[in-house]
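To keep things clear, I will list the structure first and then write my remarks on it.
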Amino acid sequence: MNRRNDLLNAWDTRGELPEVQQFSSDSREQVASIFLEVARFNEGKNPQSQFKSSLTEWSGSLACMAGADELSVAAFCAELRSCQLSLVELLLAGYLDKVEDADIAKTLAHTMQSIEQLIESSTRKLKASGEEKEDSSSEEPKVKVKTLQHEIRTPLQGALLTTELMLEDAQQGDAVQADDIIAVRRSIETAVQILNDFAEKPQ
């Protein structure tokens, strides 16, 4: 717990500008915990073989947190980089002081490489999530257009059919019925009303 608090304190004091988007407090605690888990793998405190499966889970969690906190991809990456730098500072400050210098450099390099993988993976997931939202929102106008096509087809077909019947009657010398003209007019009025309703709906 002390280790996580130290990382959170170091992260909070990096001096980000107030207008920059940031994780919520709860999300920052979860991010710090994930980054420390990555460090533990590289310090040999957790089996390295489990890292790949954990990477998938962690990157998904980070992307979900970014979505919940409404962070842009740029702000998301900036936050993770800031936490990454804070972790490096803590590792150099004393968490690895019980091993030889060469081991420190090797462990730090592996830790940073693992965190790079985590950042890249979670960023891909966040971008993919954003693209899915854009695709789903772009589908809405298509659905509305299809609905309009279906609704307007019926009155227009009715008007065309009645007009054809009126022409046949005229060609045979029969008088055009007033009811037929009224039917055509009503069909056209219905079609116009459907178009007006569609135009007034917010897109």
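Computed over heavy atoms, backbone and side chain alike; hydrogens, waters and symmetry mates excluded.
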Review point. Is the shortest distance from a Lys or Arg side-chain nitrogen in E116 or R81 to a carboxylate oxygen in the other one below 4.0 Å?
Key: yes
Practice item. Could you walk me through whether F35 and V38 pass side chain to side chain contact (heavy atoms under 4.5 Å, CB included), step by step? Key: CA-CA 5 Å; F35 274 44; V38 174; 5.5 Å; no
Review point. SG/C64 to CD/Q30 distance, rounded to the nearest 0.5 angstrom?
Key: 10.5 Å
Study note, to complete from the structure: When rounded to the nearest 0.5 Å, the distance separating CD1 of I119 from CD of Q117 is 11.0 Å
Check your understanding: Any link between L85 and L36 through a network of hydrophobic side chains (Ile, Leu, Val, Met, Phe, Trp, Tyr) touching at under 4.5 Å?
Key -> no
Exercise for review: Kindly indicate, with the supporting measurements, whether the criterion side chain to side chain contact (heavy atoms under 4.5 Å, CB included) is fulfilled by F41 and S54.
Suggested key: CA-CA 10 Å; F41 272 99; S54 297; 3.9 Å; yes
Review point. Could you state the interatomic distance from OG (S122) to CD1 (I115), rounded to the nearest 0.5 Å?
Key: 11.0 Å
Exercise for review: For L126 and S72, work out which heavy atoms get closest and say how close.
Suggested key: CD2-O, 4.4 Å
Practice item. Any chance you could lay out the salt bridge (Lys or Arg N to Asp or Glu O under 4.0 Å) test for E189 and R186, step after step, and finish with the verdict? Key: CA-CA 5 Å; E189 286 176 343; R186 285 177 178 168; over 6 Å; no
Exercise for review: Report the C-alpha distance between S121 and T56 in whole Å, list the side-chain angles of each, state the deciding distance to 0.1 Å, and finish with yes or no for side chain to side chain contact (heavy atoms under 4.5 Å, CB included).
Suggested key: CA-CA 8 Å; S121 177; T56 301; over 6 Å; no
Check your understanding: Between C83 and L7, what is the shortest heavy-atom contact and its length?
Key -> O-CD1, 4.0 Å
Revision key, fill the gap. Between A39 and L87 the two heavy atoms that sit nearest each other are CB-CD2, 4.5 Å
Point to revise | Backbone of L55 reached by a side-chain donor or acceptor of S59 within 3.5 Å | key: yes
**Study point:** From OG (S24) to CD (Q22), nearest 0.5 Å
**Key:** 10.5 Å
Practice item. Nearest 0.5 Å please: distance from the CZ atom of F23 over to the CG atom of L71. Key: 5.5 Å
Check your understanding: Got a second to check how far E79's CD is from R28's CZ, nearest 0.5 Å?
Key -> 4.5 Å
**Study point:** Nearest non-hydrogen partners of A66 and F76, listed with the distance
**Key:** CB-CD1, 3.4 Å
Check your understanding: How close do R4 and S33 get, heavy atom to heavy atom, and via which atoms?
Key -> CD-OG, 3.0 Å
Review point. Residues in side-chain contact (heavy atoms from CB on, under 4.5 Å) with I34, at least two apart?
Key: W58, S61, L62, M65, L118
